[in-house]
Amino acid sequence: MEGKKESLKNLFPVSIREPFEIIWEKAEMIEEVRLRVSMPVCIYLQGEEYFLSKEGELTGHVEEAFTITARQLDAVFQHICEYSPYAYMEELKRGFLTVAGGHRIGVAGQILADKERVESLKNARFLNIRISHEILGAADRILPCIVQDKKFLSTLILSAPGAGKTTLLRDLIRQLSDGNALVSPEKVGVVDERSEIAGCYQGIPQNHMGIRTDVLDACPKTKGMMMLIRSMSPQIVAIDELGGNEDIEALQKVVHCGCRVLVTIHGESLEELKHKEEMKRLLGNQIFERFVVLKKEGGKRTSEILDQKGGVICCV
């Protein structure tokens, strides 16, 4: 796998790299780069918005910002697509594609669609480069609270957006797959519907998923969970952002097949979930033995781990 600096540099054609060098120089801190035709280049770094200046520096003053032209943005888009956007059209229909290094490129522009589905995208005029940030060890403090006798307990991770649930999920998958002093290694099946967990490029995970992990990339969760059961015999199935009734029904089938599950969902608290009609049956079936509630306040992240009945086990 390419290093983060090199993989970001390779998103830009050599001919126009000069103004953008700060992006790969500060790759460890930058979260997103927004390119919009005839608009200032926006860079999001540690939760703050900056602009790319004409000198290639970060600035908070929009009047100093570098404005990207349609020709330059198209050059970046074509380069990312290896000069064959049609080869990536199935991914582009979903609004994004994943590149080497696990970075995800959101794309917007002119959409051709019928009443049922998106047919194609042309005239890409807006790009959102979301830089991949995996944190090895992100689950170190959580793991002891969700295992018993070295065996993983089915767990639901809930948080508001931006609190780090996908980062935690990714590292838990790695540790459960590899095993360590706290937990025995097991086969893990991952349904990565939005290519955010493994960050697959040409089917190969760009993030560390562990040696016993199998990934279904860009596959709907409802179909993917049972596909994994039939084809890869996982002991643990992991998904990100549990959705509506169809996802919940598929998850229950997985549990009935004898698998344990590792799942994330949007939510501020367990009590909030209990008031959602579609979640009542799922929680009532006591599928989950542990709940991890992530919170982010003032830049500080905290975690509260609850048992099956909602009692607090520990706070880290």
Side-chain angles (χ1 to χ4, degrees), residues 7-20 22-24 30-45 49-54 56 62-63 65-132 161-162 166 192-203 206 216-224 240-241 243-244 266:
S7 61
L8 286 171
K9 182 188 292 187
N10 287 338
L11 295 180
F12 295 82
V14 174
S15 60
I16 64 168
R17 281 181 186 173
E18 188 175 346
F20 299 99
I22 198 167
I23 293 170
W24 44 92
I30 293 176
E31 297 157 359
E32 287 185 355
V33 179
R34 298 272 186 157
L35 308 180
R36 303 175 175 100
V37 168
S38 302
M39 294 293 172
V41 174
C42 296
I43 294 177
Y44 294 86
L45 186 151
E49 181 187 71
Y50 297 90
F51 301 103
L52 180 67
S53 75
K54 298 178 180 71
V62 68
E63 63 273 11
F66 170 79
T67 299
I68 191 167
T69 66
R71 184 175 180 179
Q72 288 170 323
L73 190 144
D74 189 59
V76 175
F77 175 68
Q78 293 289 336
H79 188 72
I80 289 171
C81 293
E82 299 175 312
Y83 301 93
S84 182
Y86 290 105
Y88 289 85
M89 192 52 66
E90 288 305 312
E91 289 184 79
L92 290 170
K93 287 178 184 179
R94 296 185 293 145
F96 63 88
L97 52 88
T98 305
V99 298
H103 314 298
R104 197 166 85 152
I105 316 298
V107 184
Q110 186 178 359
I111 295 292
L112 300 178
D114 60 22
K115 293 181 180 180
E116 299 295 328
R117 62 178 183 171
V118 173
E119 294 291 344
S120 66
L121 179 147
K122 68 175 186 177
N123 295 327
R125 294 295 181 257
F126 311 88
L127 300 180
N128 175 20
I129 302 171
R130 295 185 63 181
I131 296 175
S132 174
T166 304
D192 197 0
E193 184 168 8
R194 299 184 302 161
S195 305
E196 283 192 306
I197 306 171
C200 287
Y201 173 65
Q202 296 181 348
Q206 302 296 288
L216 275 179
D217 181 51
C219 179
K221 292 188 285 290
T222 52
K223 295 181 180 179
D240 197 13
E241 298 190 3
H266 287 303

Taking the side chain as every heavy atom from C-beta outward, state whether [X] and [Y] have any atom pair closer than 4.5 Å.
X	Y	result
Q78	P85	yes
L121	R94	no
V41	L35	yes
D240	E193	no
V107	L127	yes
I105	L11	yes

Review point. Does the side-chain contact (heavy atoms from CB on, under 4.5 Å) test come out yes or no for V76 and H79, once each step is laid out?
Key: CA-CA 5 Å; V76 175; H79 188 72; 5.7 Å; no
Crowding at [atom1], [X] (>12 non-hydrogen neighbours, <6.0 Å):
X	atom1	value
K223	NZ	no
Y83	OH	yes
M39	CE	no

Exercise for review: Please report the C-alpha distance between F51 and C42 in whole Å, then the side-chain angles of each, then the deciding distance to 0.1 Å, and finally whether the side-chain contact (heavy atoms from CB on, under 4.5 Å) criterion is met.
Suggested key: CA-CA 5 Å; F51 301 103; C42 296; 3.7 Å; yes
Practice item. Look only at the side chain of R17 and the backbone of K9, and say whether a donor-acceptor pair between them is shorter than 3.5 Å. Key: yes
Review point. Under the 3.5 angstrom rule, does the side chain of K122 hit a backbone N or O of I111 as a donor-acceptor pair?
Key: no
Look up atom [atom1] in [X] and atom [atom2] in [Y], then write down how far apart they are to the nearest 0.5 Å.
X	Y	atom1	atom2	result
I23	L8	CD1	CG	8.0 Å
E49	E31	CD	CD	12.0 Å
R194	C219	CZ	SG	14.5 Å
E241	E196	CD	CD	6.5 Å
L73	I68	CG	CD1	4.5 Å
S15	Q72	OG	CD	9.0 Å

On a heavy-atom basis, which atom in [X] and which in [Y] lie closest, and how many Å separate them?
X	Y	answer
L97	I80	CD1-CG2, 3.6 Å
H103	S132	ND1-N, 3.0 Å
E82	Y201	OE2-OH, 3.6 Å
G109	F126	N-CD1, 4.2 Å
N123	Q110	ND2-OE1, 2.7 Å
A75	I16	CB-CD1, 4.3 Å

Check your understanding: Would you call K93-E91 a salt bridge at under 4.0 Å N-O?
Key -> no
**Study point:** Derivation and outcome, side-chain contact (heavy atoms from CB on, under 4.5 Å), residues N128 and Y44
**Key:** CA-CA 11 Å; N128 175 20; Y44 294 86; over 6 Å; no
Review point. Hey, mind stepping through T67 and R36 against side-chain contact (heavy atoms from CB on, under 4.5 Å) and telling me if it holds?
Key: CA-CA 8 Å; T67 299; R36 303 175 175 100; over 6 Å; no
Exercise for review: Just say parallel, tilted or perpendicular for the rings of F20 and F66, cut-offs at 30° and 60°.
Suggested key: perpendicular
